[in-house]
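We're numbering straight along the sequence, starting at 1. Computed from heavy atoms alone, side chains included, the values below leave out hydrogens, waters and symmetry copies.
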Amino acid sequence: HQLAWHYRHGIGCKKDYDESLRWIKKGSVLKCWCGEFDLGVAQFYGMGVPANEAKGLAMMEAAVEVPPGAFAGMLEISIETGRDQALNEIAEIYFKGHGKIAKDLVKSAVWYRKGAERGFPESQYCYALHLRNGWGLPADSVKAMEWMTTSAQNSCADALNDLGVANRDGAGVKADLKQALLYFQKAAAQKHGEGTRNLSAMYREGKGVPVAAMAVPLLRYLFYPMGR
């Protein structure tokens, strides 16, 4: 599975879809969900086989629904971590649309929720956005804030920045500049570009921090690598 992934993305080796497919097929012999998922990915993107998005996506969806328990110990833990990422990948396909697969916010909300309930921070963040904006399901600002907070507690930089904005502007929560500053600091520590810019602005404008304490942090964050 990992070798297939490296060949698929060209990490540590030359990108080679045929070689990736060869290792995918070897992995599928183990009858593990991740091997079947990778076969679906190959079919979806046309990696070593003719592309068939509908068939590939159906294979990916069926694979992630296979119950865990085929392996034991650390191997099972590693495989289940991959399942979280797989759920998020399916959700993203529906959220953005891809080729003949139309954008479908109802389905993206369903798949993001599956990942969110398993504790995957990125899925929790995206599901919170769906709830906040009413994408594919009724808008619910209370639940959106709960999921956004959970995602931030799990160190998702996007969620940390969003909560910083909410606390700074009093959007959905009572304005709290000190709390906003803390969220922006945590986002900036992960080199989150927008979080870093927001933090710099907080120091520059003296929001949430005593004026006497502004000088050194301001210089630090003005020249902090902007990251993504």
Side-chain angles (χ1 to χ4, degrees), residues 33-34 37 57 60-68 77-98 101-199 201-202 207-208 227-228:
W33 75 266
C34 57
F37 181 84
L57 186 55
M60 292 161 69
E61 291 180 0
V64 294
E65 297 291 6
V66 173
I77 293 173
S78 176
I79 289 171
E80 286 307 298
T81 300
R83 192 191 297 264
D84 297 337
Q85 297 167 334
L87 289 166
N88 202 67
E89 184 170 353
I90 293 171
E92 188 170 331
I93 289 171
Y94 281 121
F95 180 66
K96 295 180 178 179
H98 188 285
I101 304 298
K103 179 176 180 176
D104 189 328
L105 295 180
V106 173
K107 289 184 178 179
S108 65
V110 169
W111 287 98
Y112 277 131
R113 179 170 183 168
K114 288 176 184 286
E117 290 177 341
R118 284 176 54 86
F120 193 56
E122 285 75 15
S123 292
Q124 291 170 340
Y125 171 72
C126 291
Y127 186 55
L129 292 181
H130 278 61
L131 285 165
R132 187 171 72 190
N133 296 297
W135 293 340
L137 75 177
D140 189 326
S141 60
V142 174
K143 288 185 178 179
M145 185 58 68
E146 290 175 355
W147 279 110
M148 190 69 71
T149 301
T150 300
S151 179
Q153 289 171 343
N154 288 325
S155 301
C156 174
D158 286 325
L160 287 164
N161 179 65
D162 271 33
L163 286 179
V165 171
N167 279 270
R168 181 194 64 195
D169 300 341
V173 295
K174 183 179 179 180
D176 186 334
L177 293 179
K178 290 184 179 180
Q179 188 63 49
L181 186 71
L182 290 174
Y183 281 128
F184 289 142
Q185 286 174 334
K186 291 180 180 180
Q190 296 188 44
K191 300 183 180 180
H192 188 277
E194 187 177 349
T196 301
R197 288 188 289 273
N198 285 329
L199 181 59
M202 293 284 283
K207 293 181 177 180
R228 57 182 179 182

Item checked: From CG (D104) to NZ (K96), nearest 0.5 Å -> 16.0 Å

Margin query: Quick check: do Y94 and I101 have side-chain heavy atoms less than 4.5 Å from each other?
Written below: yes

Note to self: According to ring pair (Phe, Tyr, Trp, His ring centres under 6.0 Å), does anything in residues 148-191 pair up with another residue at least two apart or in another chain? List the pairs.
What the structure shows: none

Next item on the list: Indicate yes or no for a side-chain donor-acceptor contact from N198 to the backbone of E194 under 3.5 Å, with no hydrogens or angles considered.
Entry: yes

Next item on the list: Taking all heavy atoms of V64 and all of R83, pick out the closest pair and write down the distance.
Entry: O-NH1, 2.6 Å

Check: Is there a donor-acceptor pair under 3.5 Å between the side chain of D176 and the backbone N or O of K178?
Finding: yes

Margin query: Using every non-hydrogen atom in the two residues, find where A144 and L131 come nearest and quote the distance to one decimal.
Written below: CB-CB, 3.7 Å

Notebook entry, point to check: With no hydrogens and no angle check, is any side-chain donor or acceptor of N154 less than 3.5 Å from a backbone partner on T150?
Noted result: yes

Check: Are the side chain of N133 and the backbone of W135 linked by a donor-acceptor contact shorter than 3.5 Å?
Finding: no

Margin query: Could you tell me if the side chain of I93 sits less than 4.5 Å from the side chain of K107, heavy atoms only?
Written below: no

Check: Less than 4.5 Å apart, any side-chain heavy atom of L163 and any of M145?
Finding: yes

Next item on the list: Decide yes or no for K191 and T196: does some side-chain heavy atom of the first lie under 4.5 Å from some side-chain heavy atom of the second?
Entry: no

Checklist line | Short side-chain to backbone donor-acceptor contact, S108 and L105, under 3.5 Å | finding: yes

Check: Any idea how Y112 and F95 line up, ring-wise: parallel (<30°), tilted (30 to 60°), or perpendicular (>60°)?
Finding: perpendicular

Check: Below 4.5 Å, heavy atoms only, C-beta onward: do E61 and W111 meet side chain to side chain?
Finding: yes

Notebook entry, point to check: Backbone N or O of N167 within a donor-acceptor pair of the Q179 side chain at under 3.5 Å?
Noted result: no

Check: If you look only at pairs with a residue in residues 140-176, which of them pass as a ring pair (Phe, Tyr, Trp, His ring centres under 6.0 Å), with sequence neighbours excluded?
Finding: Y127-W147

Check: Which heavy-atom pair separates Q190 from L160 by the least distance, and what is that distance?
Finding: NE2-CD1, 3.6 Å

Margin query: If you compare all heavy atoms of G195 against all heavy atoms of N161, which two are closest, and at what distance to 0.1 Å?
Written below: CA-OD1, 3.2 Å

Next item on the list: If a pair satisfies salt bridge (Lys or Arg N to Asp or Glu O under 4.0 Å) and one of its residues is in residues 141-155, list it, with sequence neighbours excluded.
Entry: none

Next item on the list: Could you please spell out the steps behind the salt bridge (Lys or Arg N to Asp or Glu O under 4.0 Å) verdict for E65 and K114?
Entry: CA-CA 10 Å; E65 297 291 6; K114 288 176 184 286; 3.2 Å; yes

Next item on the list: Could you tell me which non-hydrogen atom of A157 sits nearest to which non-hydrogen atom of A187, and how far apart they are?
Entry: O-CB, 3.9 Å

Item checked: Whether over 12 other heavy atoms sit under 6.0 Å from R168 CZ -> yes

Margin query: Salt bridge check, R132 against D162: does any charged N sit closer than 4.0 Å to a carboxylate O?
Written below: yes

